[in-house]
Amino acid sequence: MSNGDDEADASDDAEAADEIDVTAEELESRLTEASEDLDAAETEADLDDVESSLDDIENDLEAADLPEPDEDDDAEDPREELESQLSDLRDDLDAQRGPYAEDVVTIVSDAEDTVTDSEWTDDGEGEAQEAVETFLDESAEFVDHDADTGGDFVAAGDALTTVVDAIEAANLDPDEDTETIEGLLEAAETLETGLDEAEVWDDLTVQEQLDARGFYDILTNENRKDFPPEWNAAKLHAEEGDFEQVLFAYDKLGSEFFDGYIVDLLYNLGSDAGPAFDAMHQRAQKRDKGPIEVLGKIGDERATETLHDYIDGDGDPALQKVTLRALGAIGSAESVQPVANRLDADSEEIRSVAARTLGLLGDTRAIEPLGDILESDDSDSVRASAAWALRQIGTETALEEAARYTDDRAYIVQAEAEKASSA
């Protein structure tokens, strides 16, 4: 006999050893007995015994060598029938367990998260407050606690945590304290339902959210007819300095057209749009060009560190040009070196914008690198930008450097040099 035959025989012997000699009738009888024990169970310990019996039955069923029905036979498969009965008994067992104090703690803890994490409308906050107050009153009938909101919704989350602590400290037993746990569970489920039904902002359409925030209140009968009303309302709020309303609409409406309108609105306001800095800075971190332009007009130096990253290396040329112009508008001395580094960019457009940005920054440290560009750059437009930048710096040294090129081969460079020499 070959080694392959030996291994096959050994495998068959191992499978036979794993099987047990038990019939479907015996297993069904044991399931019936377990069902009767489940009906008679009164404590968690009794239920544990039933579960242990079901585990034994399941193990024996898996190992039993039960007959399989013929393919042409309509008879039921005894194994499938026994597995179905076992599954039903396990479901009945789970349904009969508890209730447990842990179930109450879970629901109330989740409710505390809902209270503190949800963005409630004014009406929804009142509804949620009422649900919490009701729970505090009902739970106090079953467990001692001193939880109280004092009529302040801000304290609602802490009040629920106090109840959770009291329930855990009570060490409620599922057999001895069944009625107490059931009462707490009913109160907790009522709380859960009340919070689910309380109104949050996400329940409302965008227009309903804007209306609830009073966004449209600024409109009058005369200007309400302007379409779309959101545009005019945003403009009026911005003119009054109420950027909270403007930015709420900006965040909620989220259309390309409205976003562009708000960006243009803030851009035209310039430094007066300062209250919108955080929102624009956040959007700028997504490399959104419009907000980057707004940051330049706002002129807040806090944006420079973020913007420097966008000109580091030869990335998106359009993004780099927008960012360079924004840095020039902000005018931070910290930007001189990062911008000067772009004077050797592959793109002549970027080199040209970088040169002009150095002019806007007005720092004398840029005179030498701008002079080098005037002397050696291959692009006349870049060299003209460098001469223009030297004029903007405006010191005697800067003007003298630019004025050296009054006889330059390129007219655009000559023009800038002549302006420098006559300054």
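Any value given below was found using the heavy atoms of this structure, including those in side chains, with hydrogens, waters and symmetry copies removed.
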Note to self: With a 4.0 Å cut-off on N to O distance, would you call Lys297 and Asp272 a salt bridge?
What the structure shows: no
Notebook entry, point to check: Do the charged groups of Arg287 and Asp316 touch, with an N to O distance under 4.0 Å?
Noted result: no
Check: Can you tell me if Arg365 uses its side chain to pair, donor with acceptor, with the backbone of Ala333 under 3.5 Å?
Finding: yes
Checklist line | Asp92 atom CG: more than 12 heavy-atom contacts under 6.0 Å | finding: yes
Notebook entry, point to check: Just wondering, more than 12 heavy atoms not from Glu186 lying within 6.0 Å of its CD?
Noted result: no
Checklist line | Main-chain N/O of Asp407 paired to Gln414 side chain as donor or acceptor, under 3.5 Å | finding: no
Margin query: If you define the side chain from C-beta out and look only at heavy atoms, does anything of Leu390 sit under 4.5 Å from Leu358?
Written below: no
Notebook entry, point to check: Hey, are Arg325 and Glu293 close enough for a salt bridge, meaning a charged N less than 4.0 Å from a carboxylate O?
Noted result: no
Checklist line | Glu138 atom CD, neighbour heavy-atom count above 12 within 6.0 Å | finding: yes
Notebook entry, point to check: When you check the gap from the basic side-chain N to the acidic O, do Arg383 and Glu375 get nearer than 4.0 Å?
Noted result: no
Checklist line | NZ/NE/NH1/NH2 to OD/OE distance under 4.0 Å, Glu68 and Arg79 | finding: no
Note to self: Checking the side chain of Gln320 only, and the main-chain atoms of Gly313 only, is there a donor and an acceptor separated by less than 3.5 Å?
What the structure shows: yes
Note to self: Please tell me whether Thr121 and Glu199 have a donor and an acceptor in their side chains that are separated by less than 3.5 angstrom.
What the structure shows: yes
Check: Ignoring hydrogens and geometry, is there a side-chain-to-backbone donor-acceptor pair from Asp203 to Val200 under 3.5 Å?
Finding: yes
Note to self: Less than 4.0 angstrom from a charged side-chain N to a carboxylate O is my criterion; do Asp377 and Arg351 meet it?
What the structure shows: yes
Next item on the list: Answer yes or no: is there a donor N or O on one side and an acceptor on the other, between the side chain of Trp120 and the main chain of Ala198, under 3.5 Å?
Entry: no
Margin query: For Gln285, is the CD atom crowded, meaning more than 12 foreign heavy atoms sit under 6.0 Å from it?
Written below: yes
Margin query: Determine whether a donor-acceptor pair (N or O, by modelled atom type, separation under 3.5 Å) exists between the side chain of Thr323 and the backbone of Leu307.
Written below: no
Check: Where the side chain of Gln209 meets the backbone of Trp201, is there a donor-acceptor pair that is under 3.5 Å apart?
Finding: yes
Note to self: If you count heavy atoms of other groups shown closer than 6.0 angstrom to CD of Gln282, is the number above 12?
What the structure shows: no
Notebook entry, point to check: Should we say atom CG of Asp91 is surrounded by more than 12 heavy atoms from elsewhere, each under 6.0 Å from it?
Noted result: yes
Next item on the list: Using a strict 4.0 Å threshold on nitrogen-to-oxygen distance, state whether Asp380 and Arg409 make a salt bridge.
Entry: yes
Check: NZ of Lys235: more than 12 outside heavy atoms within 6.0 angstrom?
Finding: no
Item checked: Donor-acceptor pair, side chain of Asp211 and main chain of Gln207, under 3.5 angstrom -> no
Checklist line | Aromatic plane relationship, Trp231 with Tyr261 - under 30° parallel, 30 to 60° tilted, over 60° perpendicular | finding: parallel
Next item on the list: Please test Asp122 against Arg213 for salt bridge (Lys or Arg N to Asp or Glu O under 4.0 Å), starting from the C-alpha separation and ending with a verdict.
Entry: CA-CA 9 Å; Asp122 290 342; Arg213 285 290 293 263; over 6 Å; no
Check: Is it true that Lys286 and Asp288 have a side-chain N and a carboxylate O under 4.0 angstrom from each other?
Finding: no
Note to self: Can you tell me if Glu130 has over 12 outside heavy atoms packed within less than 6.0 Å of its CD?
What the structure shows: no
